Amino acid sequence: MLWQPVDAPETNRSFSAIPGFVVTDEIAAALEKDRITSPTDVQLAAMEPILAGRNVVIESGTGTGKTLAYLLPILQRLRDYPESRAVCFAPATELAVQTSRVSERYRDKELKTAALVATGNQRLQASRLEKSTRLIIGTPGRILEMYEKRKLKGVGMIVLDEPEPVLSSRDAGYLVEIISRPEPKLQLVLVGATFGSQSERFIREFMGPEVVRTVVKADPLHRQMTHRAVQVRQEGEKDFALARFIRGQQCDRAIVFVNQPNLLRHLYRYLNEEGIKTVTVSQERTKLQREQALREFAAGKATVLLTNDQAATGLDVAGIQWVLHYELPSSAPAYVHRSGRTARAGNTGNSVVFVTHSEQIPLQRIEKELGIEFRVHGK
């Protein structure tokens, strides 16, 4: 079942026009701080059915405002139903922490929230989780530990943000068992840019025939992003090509994707030796190191943020103009998630792949599947 969003002219859109939604003082202040003047298409499509208590699937491109599309109506339902609680699962610590920070800006002051993430102090996080904590955001393993300890009673809403890796994790069986329980009756929300086989199976089995799917086709991948390819003769020349590109294009802030840990370490040393200030966000870094790297990058103290697919899930740093793929993504959906770090919130951006001759065929597969064309840089 597809939900028809609020039919409002572009010039007359407002959050207050969404049926049932109340713009509190906290929300108004946060919207102003985030420079958000009107809801995006996905927010118009998703907020009303979530407010109505429906099971909802939100499918929309990265950078289209999916987090607020589910977070704002859930915060309101927590206001309207003071005995209820909501749990949001995220596949990676960075996404969970980021979503938690967004919730802190938009929540009512009296609403208690908690972040439960894999890299945090387990005892400290557990001590902060009280019976009065209404919104819990975290990674699957840590949240399910609290379920096992019976600290998450009364949950009425569950969100799976980027559900495919969540449902493919080692803890997925216990999560499914919790959702399968007859009581309490749960409202389920799935959120993602793309959905794989695990997600589609979950939707069929647990979200019912009346599930609302809000599919927003328009996305920055096609409307606001340029796609380029830098051709290199052999793998060993990518270092030089990357550094030359960053200097030549005067990239003030660029996210560079490298999946192999040894290459990430090598590139970190190489770029810094070349005078290009570089920081890294990966599983090899501690939580404090990753947070420090993100702060430096967001503040403009570093030109390059090196990361990999897992660590970058949901990464949102304002004003990113460049996503550079030192190594090709493993699939078209992976390219969507990577490149979605730019061209967010209506801005434009650039996604650039560095490819050897042997990588042309997988690059063509990505082009065909996504309906895009990589323009050869320099031609």
Side-chain angles (χ1 to χ4, degrees), residues 34-37 40 60-67 94-95 98 102 193 218-232 238-258 264 267-268 270-272 274-282 290 293-309 311-329 334-355 363 366-367 370 372-379:
D34 289 343
R35 299 180 181 178
I36 297 172
T37 57
T40 64
S60 184
T62 54
T64 54
K66 294 191 297 295
T67 300
E94 282 70 27
L95 177 57
Q98 183 173 284
V102 174
D219 66 71
L221 188 73
H222 296 92
R223 294 190 303 173
Q224 297 148 225
M225 193 181 304
T226 63
H227 307 274
R228 294 195 242 173
V230 175
Q231 296 178 333
V232 296
K238 281 189 177 182
D239 294 356
F240 174 73
L242 176 65
R244 182 175 60 184
F245 184 90
I246 291 170
R247 291 196 188 97
Q249 298 300 308
Q250 297 180 336
C251 303
D252 55 350
R253 280 192 296 176
I255 297 179
V256 177
F257 279 89
V258 187
L264 192 148
L267 202 56
Y268 172 76
Y270 174 80
L271 290 175
N272 277 301
E274 288 292 309
I276 299 172
K277 176 61 176 176
T278 301
V279 294
T280 64
V281 173
S282 70
R290 292 199 297 269
L294 284 172
R295 281 195 296 270
E296 290 185 20
F297 185 63
K301 296 179 181 179
T303 300
V304 169
L305 175 68
L306 275 176
T307 189
N308 54 32
D309 290 318
T313 301
L315 187 67
D316 187 3
V317 179
I320 300 301
Q321 284 288 311
W322 301 93
V323 170
L324 309 179
H325 309 262
Y326 182 85
E327 291 184 281
L328 275 184
Y335 179 80
V336 171
H337 287 293
R338 284 183 177 191
S339 59
R341 301 316 106 204
T342 187
R344 301 176 76 86
N347 297 311
T348 59
N350 305 275
S351 179
V352 184
V353 295
F354 292 76
V355 291
L363 185 66
I366 292 174
E367 284 183 310
L370 297 178
I372 60 177
E373 181 180 359
F374 289 95
R375 179 168 56 87
V376 177
H377 177 66
K379 292 187 178 180

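The chain is numbered in sequence order, starting from 1. When reading the values below, keep in mind they use all heavy atoms of this one structure, side chains included, and skip hydrogens, waters and symmetry mates. A quick note: this is a predicted structure, and the numbers were derived from the prediction, not measured.
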- Message: For the backbone of Val323 and the side chain of Arg338, can you confirm whether one donor and one acceptor N or O come within less than 3.5 Å of each other?
- Response: no
- 4.5 Å side-chain heavy-atom contact, Thr342 and Met225: yes
- Does the pair Leu294 and Val281 meet the rule for a side-chain contact (heavy atoms from CB on, under 4.5 Å), with working shown? CA-CA 8 Å; Leu294 284 172; Val281 173; 4.0 Å; yes
- Task: Just jot down the ring-ring contact (aromatic ring centres under 6.0 Å, His included) partners of Phe297, sequence neighbours excluded, or say none.
- Result: none
- Message: Between Leu267 and Asp239, is there a side-chain heavy-atom distance shorter than 4.5 Å?
- Response: yes
- Query: So do the side chains of Val258 and Leu306 get within less than 4.5 Å of each other, counting heavy atoms only?
  - Reply: yes
- Message: Ignoring hydrogens, what is the shortest heavy-atom contact between Ala193 and His337? Give both atom names and the distance.
- Response: CB-CE1, 3.9 Å
- Message: Under the rule for side-chain contact (heavy atoms from CB on, under 4.5 Å), what residues qualify as partners of Ser282, not counting sequence neighbours?
- Response: Leu264, Glu284, Arg285, Asn308
- For Asp34, what residues pass the salt bridge (Lys or Arg N to Asp or Glu O under 4.0 Å) criterion, not counting sequence neighbours? Arg105
- Message: With rounding to the nearest 0.5 angstrom, report the CG to OG1 distance, Leu305 to Thr278.
- Response: 9.0 Å
- Report the C-alpha distance between Lys301 and Lys277 in whole Å, list the side-chain angles of each, state the deciding distance to 0.1 Å, and finish with yes or no for side-chain contact (heavy atoms from CB on, under 4.5 Å). CA-CA 8 Å; Lys301 296 179 181 179; Lys277 176 61 176 176; 6.0 Å; no
- Tyr326: partners by ring-ring contact (aromatic ring centres under 6.0 Å, His included), with sequence neighbours left out: none
- Query: What distance do Phe374 atom CZ and Glu367 atom CD have between them, rounded to the nearest 0.5 Å?
  - Reply: 6.0 Å
- Message: Test of understanding: with salt bridge (Lys or Arg N to Asp or Glu O under 4.0 Å), list the residues that count as partners of Glu274, not counting sequence neighbours.
- Response: Arg247
- Message: For Val304 and Val279: C-alpha separation, side-chain torsions, deciding distance, then whether side-chain contact (heavy atoms from CB on, under 4.5 Å) applies.
- Response: CA-CA 6 Å; Val304 169; Val279 294; over 6 Å; no
- Distance in Å, Ser339 OG paired with Leu324 CG, rounded so as to fall on 0.5 Å steps: 12.0 Å
- Item | Flag side-chain contact, heavy atom, 4.5 Å: Val352 against Val230 | yes
- Item | Any residue meeting side-chain contact (heavy atoms from CB on, under 4.5 Å) with Gln321, in chain and number order, not counting sequence neighbours | Thr348, Asn350
- Interatomic spacing from CD in Gln231 to CZ in Phe354 - rounded to 0.5 Å: 12.0 Å
- Query: Given side chains that start at C-beta, do those of Ser351 and Thr226 come closer than 4.5 Å, heavy atoms only?
  - Reply: no
- Closest approach of Gly65 and Thr40, non-hydrogen atoms and distance? CA-OG1, 4.3 Å
- Message: Could you tell me if the side chain of Arg341 sits less than 4.5 Å from the side chain of Phe257, heavy atoms only?
- Response: yes
- Message: Contact between Leu271 and Thr303 at the side-chain level, heavy atoms closer than 4.5 Å - yes or no?
- Response: no
- Query: From Phe245 CZ over to Lys238 NZ, what is the distance, rounded to the nearest 0.5 angstrom?
  - Reply: 14.0 Å
- Flag side-chain contact, heavy atom, 4.5 Å: Gln249 against Trp322: yes
- Do you know the tightest heavy-atom contact between Leu363 and Ala229? CD2-CB, 4.3 Å
